[in-house]
Trainee: 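Following this message is one structure expressed as C-alpha cells.
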Amino acid sequence: MEDRTDFIVIGSGIAGLRAAVALAGAGRVTVLTKDQVTESNTEYAQGGIAVVLGDDDTIGLHFQDTIDAGAGLCDEQAVTTLVEEGPRYITELIEHGAEFDRADGRLAFTREAAHSRSRILHSRGDATGREIVRALVGWSRKFSNIEYLPHACTQSLIVNDGRSVGVTYVEPVSHKIRALYSRATVMATGGAGQLYLHTTNPDVATGDGQAMAYRAGAIIADMEFVQFHPTALAIKGAPRFLLSEAMRGEGGILLNDAGERFMPRYDERAELAPRDVVSRSVHFEMQRTSSANVWLDMRHLDHDYVRNRFPKIHHTCQLYNIDIARDLIPVSPAAHYTMGGVRTDTFGRTSIAGLYAAGEVSCTGVHGANRLASNSLLEGLVFGARAGEAATVEAPASIAPAPPPDWDYGSEADFTIDDGTRMEVKRIMWDRVGILRSEETLKEALASLEEIAARPLNTRSWNFVTLARLVAEAALARCESRGAHYRSDFPERDDEHFRHHTLQQRGHPTPIQGEGE
Ligand code: FAD
Ligand code: SIN
C-alpha cells in the first residue's frame, strides 16, 4: 500500500520535533516514530543544554571549549553555526513555553566538565529533556498539518535516481510494511547506544537511521567515536540509569573501593576532566582494584540542596535504597553518545538528495572526536531547525515514487531485531569495541560480526549487525588514540596521519579517509 505526504520526519526527539515545526509552513508533515512520541534519548536528558546567554560568557569561549573537546576533528564552520545560532533558537524555545530553572528570576546556569563557564540551562533540576519534549510537542500541536504516527518503525529509505523519495515502515495496526512517499525526508532517529551491553540509552536507540542511510548509499562519518559516560548507576540487574555529570559539576567526587579519591592522580582537572578521560580513569581504577564499580560521593554537600537539585536521580536511586545525599552511589561507565553518523553539511543535507539528517543520527562535525557535555541537545535544536528550513526551500514540487527496496518484504517476525542477535552483538561491542580497543580485539570483533552477518537475518537485525561492523571497521582503521577513541596499541594522538574524518559508504570495502579539520 502506498501513501503520500509532503515531508517525512523520522523520530520525535529534539531534532525531529524542531524539524517538524520548521517544515510546518510548507506543507503536510508526517512524523513517524518508533514508540510513543515522548520516547527518545531527549526525554531522558538530565544535565541540560549548553548555550551562551549568561553575562560572563561569550560565543568565542563556547566555540573554543567545543573545539578543545573535539580533539582536532571539529568542523569549525559547524561549531560556529552551533554556538552562534544557539542563543536565538533557545530564546525562541523559551518563548514557546520551555521553562528552564531560574534563580531570582534570572536563568540559572550550571557547569559541566570541560566548559570554561557555567552555561548549562536545566529544567526541574535534572529533568531537562522531558521539559524540552513537552514544550516542543506543545508547539508542534499548534500546527494542524503536523501528524504523528507513533509506534511506526521505519525500515528503509526509498531512493529513486539518487533522490530520497520516501520510506517504508511497519504500520502499527496491521503490522504490514507500508511505503510512504514525500518531497523530502528529515532523519532524526538519534543514537546507537544500544549497540553496547551497558548503555544509558533507552531501547529505541538502536542506530536505525545510520544503518538505513548506509544501506541506501549515504556517506557515514566518524563511527569509531563513541562516548562513554563515566557515571551510570552500577547495580546488578538495574538499568544503567545516568547519574548526571552535573552532580560532579556541583561538587561530587569519585572514590575507589578503598575510599580513595583517585581522579586527581589521572588528571589535574580531576572529576571535571573531559568525559573520555574520566571514563578511562574509572575503567583503569576498576581494573587496578579488581572491582565492578567506583563510587560517586555527594555526602559532603548540603543534603537538601543535593536532593532538590537532582530530584529525578534522587527518586530513582531511592528505589534501590540509595539516598544520594547520604550514601555512596555505585557507578561505572556506559555507552552514552554516538559522535559519528550520517555525514551532513550545516543545513542537514546528506550525500543523498532529498535526505536531511539532524541530531544524534547525524555527523555535522560539531563534536569532532569527543562531544562537549550538553552540546547535543543544542545540536538537535539548531540543526533540526536548519534541516527543516532547508528542506522547505529545496524540496521539489513533486517526486516520482519508486518501489520499496526488495529486502523489505518478509513475515511479521521480520520487523524486530532478533533478541539473540542483539545480545550477541552487544557483548561483542562492549568487550571488544569498548572504552579500550586494540587491533587484536577489533579483528576478533569483526570476525564474530561477519559470522553473524552471514546468517539469514531480517532487515532490522541486518541493520544492527551492519552498524556494529561499521563502528569496528572505523575503529580498526584509526591507528591512534583521539578523543573518545582509545587504542591500547596506539595510545598517542597522531596528527600527522589521522587528523581526518573516517568516511564509510556502501560498496567501498574499507573506511575512506575524509577531509581534515
Ligand atoms: P532522540 O532524542 O534519541 O530521538 C530519536 C527518535 O527517533 C526517537 O523518537 C526514536 O523513537 C525515533 N526512532 C529511532 N529509530 C526509529 C525508526 N526506525 N523509525 C521511527 N522512529 C525511530 N545531551 C545533552 O545535550 N544534555 C544532557 O543533559 C543529556 N543528557 C542525556 C542523558 C541520557 C540518559 C541520555 C541517553 C542522553 C543524554 N544526552 C544529553 C544526549 C541527548 O539526549 C541526545 O543526544 C539527544 O537528545 C538526541 O536527540 P535526537 O533528536 O537526535 O534523538
Ligand atoms: C549528563 O547529564 O551527564 C549528560 C549530559 C550530556 O550527555 O551532555
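Numbering of ligands and ligand atoms starts at 1, following listing order. Note that these values count all heavy atoms, side chains included, but never hydrogens, waters or copies made by symmetry.
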Trainee: Between Val31, Asn201, Val361, which one has a non-hydrogen atom sitting closest to atom 36 (C) of ligand 1?
Mentor: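 Looking at heavy atoms only, Asn201 sits closest to atom 36 (C) of ligand 1.
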Trainee: Side chains of Asp126 and His314: any donor to acceptor distance under 3.5 Å?
Mentor: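 No, because no side-chain N or O of His314 sits under 3.5 Å from a partner of the opposite role on Asp126.
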Trainee: Side chain, backbone, both or neither: which applies to Leu242 and ligand 2 if a contact is any heavy-atom pair less than 4.0 Å apart?
Mentor: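 Side chain only.
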Trainee: For the backbone of Thr344 and the side chain of Ser362, can you confirm whether one donor and one acceptor N or O come within less than 3.5 Å of each other?
Mentor: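 No, because the side chain of Ser362 does not come within donor-acceptor range (under 3.5 Å) of the backbone of Thr344.
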Trainee: Could you list the atoms of ligand 2 found under 4.0 angstrom from a heavy atom of Glu245?
Mentor: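 With Glu245 as reference, the close atoms of ligand 2 come out as 1 (C), 2 (O), 3 (O).
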Trainee: Atoms of ligand 2 less than 4.0 Å from Gly47 heavy atoms?
Mentor: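 Counting from 1, the qualifying ligand atoms are 2 (O).
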Trainee: Would you say Leu242 has any N or O atom under 3.5 Å from an N or O of ligand 1, going by distance alone?
Mentor: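 Between Leu242 and ligand 1, no N or O pair is found under 3.5 Å apart.
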Trainee: Does an N or O anywhere in Ser244 fall below 3.5 Å from an N or O of ligand 2?
Mentor: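 Such a contact does occur with ligand 2.
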Trainee: Using a 4.0 Å cutoff against the non-hydrogen atoms of Ala373, which atoms of ligand 2 qualify?
Mentor: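 Within the 4.0 Å cut-off of Ala373, ligand 2 contributes 8 (O).
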Trainee: Numbering the atoms of ligand 2 from 1, which are under 4.0 Å from a heavy atom of Arg275?
Mentor: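 It comes down to these atoms of ligand 2: 3 (O), 4 (C), 5 (C), 6 (C), 7 (O), 8 (O).
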Trainee: Less than 4.0 Å is my threshold; does some heavy atom of Gly380 fall inside it relative to ligand 1?
Mentor: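 The answer is no, since Gly380 has no heavy atom less than 4.0 Å from ligand 1.
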Trainee: Decide whether the shortest distance between a heavy atom of Ser12 and an atom of ligand 1 is less than 4.0 Å.
Mentor: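 Judged by the 4.0 Å heavy-atom criterion, Ser12 does count as contacting ligand 1.
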Trainee: Return the residue, atom name and 0.1 Å-rounded distance of the protein heavy atom closest to atom 19 (N) of ligand 1.
Mentor: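 For this ligand atom, the closest protein heavy atom is Thr154 N, 2.8 Å.
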Trainee: Does Gln46 approach ligand 1 within less than 4.0 angstrom via side chain, backbone, both or neither, non-hydrogen atoms only?
Mentor: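 Gln46 to ligand 1: backbone contact only, side chain stays beyond 4.0 Å.
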Trainee: Of all the heavy atoms in Arg371, does at least one lie under 4.0 Å from an atom in ligand 2?
Mentor: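 A heavy atom of Arg371 does come that close to ligand 2.
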Trainee: Mind checking whether Tyr337 contacts ligand 1 via backbone (N, CA, C, O), side chain (CB onward), both or neither, at a 4.0 Å heavy-atom cut-off?
Mentor: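 Just the side chain.
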Trainee: Side chain, backbone, both or neither: which part of Arg371 has a heavy atom under 4.0 Å from ligand 1?
Mentor: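 The part of Arg371 near ligand 1 is the side chain, not the backbone.
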Trainee: Return a yes/no value for Gly359: is any of its N or O atoms, backbone included, closer than 3.5 angstrom to an N or O of ligand 1?
Mentor: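 For ligand 1, there is no N or O atom that lies under 3.5 Å from one belonging to Gly359.
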Trainee: May I ask you to check whether His229 has an N/O atom sitting below 3.5 Å from an N/O atom of ligand 2?
Mentor: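 N/O-N/O distance below 3.5 Å exists for this pair.
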Trainee: In this structure, which one of Leu470, Thr421, Ile417 forms a side-chain contact (heavy atoms from CB on, under 4.5 Å) with Val465?
Mentor: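 Testing each of Leu470, Thr421, Ile417 against Val465, the sole residue satisfying side-chain contact (heavy atoms from CB on, under 4.5 Å) is Thr421.
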Trainee: Check Arg386 with Glu85, please: is the shortest side-chain N to carboxylate O separation under 4.0 Å?
Mentor: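 Yes, Glu85 and Arg386 are salt-bridged.
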Trainee: Evaluate the ring pair (Phe, Tyr, Trp, His ring centres under 6.0 Å) criterion for residues Tyr196 and Phe228: first the C-alpha distance (whole Å), next the side-chain angles of each, then the deciding distance (0.1 Å), finally the verdict.
Mentor: CA-CA 10 Å; Tyr196 286 87; Phe228 294 86; 5.4 Å; yes
Trainee: Can you find an N/O atom of Ile14 closer than 3.5 Å to an N/O atom of ligand 1?
Mentor: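 N/O-N/O distance under 3.5 Å: yes.
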Trainee: Is the shortest N/O to N/O distance between Glu39 and ligand 1 below 3.5 Å?
Mentor: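 In this structure, Glu39 places an N or O atom under 3.5 Å from an N or O of ligand 1.
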Trainee: At less than 4.0 angstrom from any non-hydrogen atom of Ser374, what atoms of ligand 2 do you find?
Mentor: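 Selected atoms, number and element: 6 (C), 8 (O).
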Trainee: Would Met212 count as being in polar contact with ligand 1, using the rule that some N or O on each side must be under 3.5 angstrom apart?
Mentor: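 No; every N/O pair is 3.5 Å or more apart.
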Trainee: So which heavy atom in the protein is nearest atom 43 (O) of ligand 1, and how far is it from that ligand atom?
Mentor: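 Answer, as residue, atom name and distance: Asn41 O, 3.5 Å.
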Trainee: With heavy atoms under 4.0 Å as the rule, classify the contact between Ala373 and ligand 1 as side chain, backbone, both or neither.
Mentor: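 Contact part for Ala373 vs ligand 1: neither.
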Trainee: Is it the case that the side chain of Thr200 and the backbone of Leu242 share a donor-acceptor pair, with hydrogens and angles ignored and the cut-off at 3.5 Å?
Mentor: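 No, Thr200 side chain to Leu242 backbone: no donor-acceptor pair under 3.5 Å.
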Trainee: Could you name the option among Thr128, Thr200, Thr42 that has the heavy atom nearest to atom 50 (P) of ligand 1?
Mentor: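 Looking at heavy atoms only, the winner is Thr42.
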Trainee: For His336, counting its heavy atoms only, list the atoms of ligand 2 lying under 4.0 Å from any of them.
Mentor: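 With His336 as reference, the close atoms of ligand 2 come out as 4 (C), 6 (C), 7 (O).
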Trainee: Going by an N to O cut-off under 4.0 Å, is there a salt bridge joining Arg124 and Glu99?
Mentor: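 Yes, charged N to carboxylate O under 4.0 Å.
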Trainee: Counting non-hydrogen protein atoms only, what is the nearest one to atom 31 (C) of ligand 1? Give residue, atom name and distance.
Mentor: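 Checked against all protein heavy atoms, atom 31 (C) of ligand 1 sits closest to Ala45 CA, 3.4 Å.
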Trainee: Report yes or no: does a heavy atom of Met247 sit under 4.0 Å from some atom of ligand 2?
Mentor: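 No heavy atom of Met247 comes that close to ligand 2.
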Trainee: Heavy atom to atom 6 (C) of ligand 1, shortest distance: which of Ala188, Gly129, Gly48 holds it?
Mentor: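 Among Ala188, Gly129, Gly48, the closest heavy atom to atom 6 (C) of ligand 1 comes from Ala188.
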Trainee: Name the option, out of Glu245, Lys34, Met187, that contains the heavy atom nearest to atom 16 (C) of ligand 1.
Mentor: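 It is Lys34 whose heavy atom sits nearest to atom 16 (C) of ligand 1.
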Trainee: What I want to find out is whether Arg280 reaches Asp267 closely enough, with some N-O distance under 4.0 Å, to be called a salt bridge.
Mentor: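 Asp267 and Arg280: not salt-bridged.
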Trainee: Between Glu224 and Arg482 (salt bridge meaning N to carboxylate O under 4.0 Å), is one present in this structure?
Mentor: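 Between Arg482 and Glu224 there is no salt bridge, as every charged N stays at least 4.0 Å from the carboxylate O atoms.
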Trainee: Between Thr128 and His122, do the side chains contain an N or O donor and an N or O acceptor separated by less than 3.5 Å?
Mentor: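 Distance-only check fails for Thr128 and His122.
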Trainee: How does Asn375 reach ligand 1, by side chain, by backbone, by both or by neither, if only non-hydrogen atoms under 4.0 Å count?
Mentor: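 Backbone only.
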